[in-house]
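Have a look at the structure below, then the notes.
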There are 4 protein chains.
Amino acid sequence: MTRLNARAKPVRAPVQARSANTVEAIFQATVQVLIQLGIKQLTTTKVADRAGVSVGTLYQYFPNKEALLCAALERHLNAVVSAVEAACSALKGQSIDVMSETLVSAFMQAKLGAPDASKALYVVAQELASADVVALMTQRSQLALCDMLATASDATFNDLRVVSYMLSTALVGPVQGLLHTEVPPEFVQQVKAQLVGMTAAYLKQARSSPLTAAVRHARAEQVSLPN
Amino acid sequence: MTRLNARAKPVRAPVQARSANTVEAIFQATVQVLIQLGIKQLTTTKVADRAGVSVGTLYQYFPNKEALLCAALERHLNAVVSAVEAACSALKGQSIDVMSETLVSAFMQAKLGAPDASKALYVVAQELASADVVALMTQRSQLALCDMLATASDATFNDLRVVSYMLSTALVGPVQGLLHTEVPPEFVQQVKAQLVGMTAAYLKQARSSPLTAAVRHARAEQVSLPN
Amino acid sequence: MTRLNARAKPVRAPVQARSANTVEAIFQATVQVLIQLGIKQLTTTKVADRAGVSVGTLYQYFPNKEALLCAALERHLNAVVSAVEAACSALKGQSIDVMSETLVSAFMQAKLGAPDASKALYVVAQELASADVVALMTQRSQLALCDMLATASDATFNDLRVVSYMLSTALVGPVQGLLHTEVPPEFVQQVKAQLVGMTAAYLKQARSSPLTAAVRHARAEQVSLPN
Amino acid sequence: MTRLNARAKPVRAPVQARSANTVEAIFQATVQVLIQLGIKQLTTTKVADRAGVSVGTLYQYFPNKEALLCAALERHLNAVVSAVEAACSALKGQSIDVMSETLVSAFMQAKLGAPDASKALYVVAQELASADVVALMTQRSQLALCDMLATASDATFNDLRVVSYMLSTALVGPVQGLLHTEVPPEFVQQVKAQLVGMTAAYLKQARSSPLTAAVRHARAEQVSLPN
DNA sequence: CATGAATGAGGTTTCATTCAT
DNA sequence: TATGAATGAAACCTCATTCAT
């Protein structure tokens with residue numbers, strides 16, 4: 001919610017070798033503190049301590065707390081988005097069903113691979129919602145989805161923008177929801193199956209030329225709508 | 001992210017009429033400050049000022065800042081959830097298509113009716129994610145969905161819990177996404193249509209006795225897949 | 001040297017009675033700390049401590065350190081400038097000699113009355129040189145001098161602006177110099193005498209038509225000096 | 001205002017040619033940073049950056065920040081004082097009028113030649129007021145003035161110390177004042193003329209035996225004033 | 001009940017200085 | 001000698017909360 005978009009990646013370029021280590025340690029410490037204490041109790045001092053460096057060092061690489069969080073978020077989002085991009089790229093030319101299955105798998109694996117981090121950084125994403133990072137990542141995801149969907153072997157879409165928007169936003173909720181309460185593993189599997197089903201079902205009904213399908217559907221409507 | 005769940009509704013019961021006004025003013029002020037400044041810059045003093053009362057007065061109705069935010073969030077969520085509950089209640093016995101259409105309508109109207117408040121309070125919800133309020137509201141929504149889906153005229157579901165979980169979580173993302181960037185009204189309409197379609201498509205493929213449906217579906221697949 | 005001109009008098013208006021006391025205490029503490037430790041070692045905490053209040057209280061009346069110093073400086077300068085204004089006002093219609101004598105007296109008394117404060121705040125004035133306070137005070141002094149000089153009984157001046165500029169700036173150095181090194185009282189008296197002499201001599205040679213004026217002056221001297 | 005007088009010239013003697021360049025670069029960088037950012041924002045790192053060296057190098061030539069500023073100030077003051085000394089030396093045996101004219105010229109030229117530096121370093125001088133540098137420079141100026149005044153062709157002075165003190169302190173204000181506000185060139189010329197006039201007038205009235213001298217002078221005035 | 005002045009712990013950030021490379 | 005990463009004390013400032021009026 002911060003108004004001024006954090007000047008994104010102000011990570012002072014590490015000239016010497018040890019710098020890289022330091023930056024890496026700070027990143028990990030940030031996520032750890034975020035997980036253990038939450039964003040409200042995260043302080044730059046705590047992060048520095050956890051990273052085994054002094055506050056001063058932290059500030060040599062990140063101009064301020066917001067930039068630190070922004071960079072940490074970016075790193076995390078980048079991992080998730082990259083996974084999505086990779087999946088999309090590999091899925092070109094496949095059918096809707098294959099796409100749905102693989103995409104959901106990749107997405108869930110990426111998010112649930114480090115569930116604590118995902119959970120903790122989601123809050124950061126909300127606070128930095130107006131920041132460029134989030135917008136950019138969202139764009140990248142939707143672009144990848146567009147590119148993939150355009151090549152679907154069994155469908156063409158009128159407005160890819162809307163469809164990719166739907167997909168990228170609708171998948172988040174169900175997966176994110178799994179992070180907030182202790183759920184049994186089988187519930188996770190059920191959700192995954194439902195997500196694949198939902199994705200496939202949505203994409204099929206969103207195809208542009210649902211020719212015969214549309215006709216049958218229309219008839220079905222006439223029958224079912226007597227109210 | 002704060003660990004200690006704010007003892008939920010510590011709002012001293014407004015015994016007098018004047019008190020009711022004061023509390024109301026404080027609630028509105030909270031949302032306004034949240035919208036204008038964001039959660040990071042929201043202070044109890046600013047809220048009190050905006051509400052036209054002194055900090056002391058604010059603390060007479062809310063034991064601490066977290067309780068204030070919690071109550072404000074609860075109020076907002078309650079409106080949305082109530083709209084969903086009402087819709088669900090009215091939709092009992094209807095078909096999947098009607099349910100989808102009306103449910104999405106009700107949900108979007110509730111969320112987009114006060115977009116700024118929705119956006120601002122969403123961040124609060126994240127920060128208080130572990131708090132009871134959010135969990136309770138989620139439960140209420142899913143319960144209402146369960147009750148409604150159980151009466152669908154054209155479907156029965158094996159695991160209503162999973163389906164209602166899917167619905168309640170999947171709808172949020174696409175609608176929330178509309179709040180973060182300036183989007184043209186027609187995009188909102190497109191998203192709504194897609195959301196209706198997605199909901200209906202999902203529910204249809206999720207019904208337990210895909211008897212006739214499954215058959216028709218299978219045929220459709222055979223026809224549509226060769227391309 | 002600070003670029004952004006301190007938003008001068010942001011002293012939150014004291015609504016209650018005790019506020020006035022608090023502000024007064026803070027002002028005095030500021031000067032005391034300034035005298036004892038100098039500007040480099042002056043911290044808001046030290047000032048608050050010395051004033052017997054908490055830092056928070058200090059910041060309720062002054063938005064930041066610069067504003068505090070600015071206000072303290074203004075207060076001091078105002079005393080000096082007011083003394084000059086009063087003297088100028090009382091001296092209207094007098095001769096150059098009388099003006100010189102009285103003006104220098106008033107100025108020195110004002111500055112040397114609280115020598116430590118004068119010395120300490122002079123440094124502040126330098127650091128805030130670009131701020132409005134200093135400029136305004138300078139203007140007030142020169143304006144008062146202009147008004148006075150315009151009424152001199154034994155002189156008229158072509159460019160009052162330049163003359164008043166000269167006077168107001170030239171007097172400062174010799175008096176300020178007395179503050180920096182331990183000087184014997186008789187040296188102070190000598191400087192005062194010299195300053196009176198210099199002022200009178202300067203004004204006489206600066207008058208526009210020293211011809212007839214000089215004659216009248218000479219006569220006037222003979223008459224007025226017997227005392 | 002710092003109590004501990006910076007151990008004056010701790011500038012490691014630049015034994016090699018390279019060193020001399022480095023020190024020179026650091027000096028210039030100091031003044032530049034001072035001009036652009038002011039003393040409050042001057043940091044050793046910024047100075048080093050500007051000088052094109054590392055902080056470590058800076059600290060090899062100056063034991064600490066104060067010594068750096070002290071040395072920079074000394075350098076600047078030395079230029080001004082040297083100009084005054086040279087002028088005084090060359091003016092021996094001259095008349096008051098010639099002395100006034102030339103002295104003021106030399107002083108103004110020295111100060112206004114690099115107005116930004118003069119302005120910026122003046123603040124430094126204030127902060128280091130108690131340091132030896134400033135005192136020494138002041139002494140040198142006054143000594144030079146004493147030596148010169150003692151040889152005036154048309155005057156003798158009772159207390160040269162007081163007179164030279166007056167001159168050296170009174171000239172600063174009017175010239176310094178020109179640095180703080182944007183003034184038109186003609187105002188500078190006016191001030192210069194007034195300063196010459198003031199100096200001459202002061203010195204004349206400060207002569208010990210103004211008896212015969214005054215008479216001669218009066219005559220000269222009558223002759224020279226017809227314009 | 002309302003007020004708002006006071007509190008002070010604690011968070012963010014800076015920067016002079018050091019020292020291993 | 002030069003470098004620049006690292007240090008950490010200390011400064012500035014905020015704000016949730018209390019309590020005398």
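Letters go in sequence order (proteins before strands), and every chain restarts at 1. Note that this is a predicted model, so its numbers are computed, not measured.
Taking only side-chain nitrogens and oxygens, C:Ser54 never comes nearer than 4.0 Å to OP1 or OP2 of E:dG8. In terms of phosphate contacts, A:Tyr61 brings a side-chain nitrogen or oxygen within less than 4.0 Å of OP1 or OP2 of F:dA6.
Atom CZ in C:Phe62 sits about 14 Å away from atom P in E:dA5, given to the nearest Å. Rounded to an integer number of Å, the gap from D:Asn21 CG to F:dT1 P is 14 Å. Atoms CG (D:Leu37) and P (E:dT14) sit 14 Å apart, rounded to a whole Å. Atom P of nucleotide F:dG4 and atom CG of D:Asp49 are separated by 9 Å, given to the nearest angstrom. Look at CG on A:Leu69: it is 15 Å from P on E:dG11, rounded to the nearest Å.
Taking atom C1' on both F:dT21 and E:dC1, the two are 13 Å apart, rounded to the nearest angstrom.
Annotation: side chain to side chain donor-acceptor pair (under 3.5 Å) contacts of D:Arg50 (sequence neighbours excluded): D:Gln32, D:Gln36. Every residue meeting the side-chain contact (heavy atoms from CB on, under 4.5 Å) condition with A:Asp116, not counting sequence neighbours, appears here in chain and number order: A:Ile35. Shown here are the side-chain contact (heavy atoms from CB on, under 4.5 Å) partners of A:Val53, two or more places apart in sequence or in another chain: A:Thr22, A:Ile26, A:Ala48, A:Ala51, A:Thr57. Under the side chain to side chain donor-acceptor pair (under 3.5 Å) criterion, A:Gln28 pairs with A:Glu24, not counting sequence neighbours.
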Annotated protein contacts, base or backbone, on nucleotides 11-18 of chain F with a non-hydrogen cut-off under 4.0 Å, one of B, S, - each: SSBBBSBB
Canonical and wobble pairing (Watson-Crick, G-U, under 3.5 Å) of DNA chain F, dot-bracket with |: .||||||||||||||||||||
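The structure places CD1 of C:Ile39 at 9.5 Å from CD1 of D:Ile39, a figure rounded to the nearest 0.5 Å.
Between A:Tyr59 and A:Lys65, the shortest heavy-atom distance links the atoms OH-N, 4.2 Å.
In this structure, D:Leu37 and D:Lys46 have side chains that are in contact, with non-hydrogen atoms separated by less than 4.5 Å.
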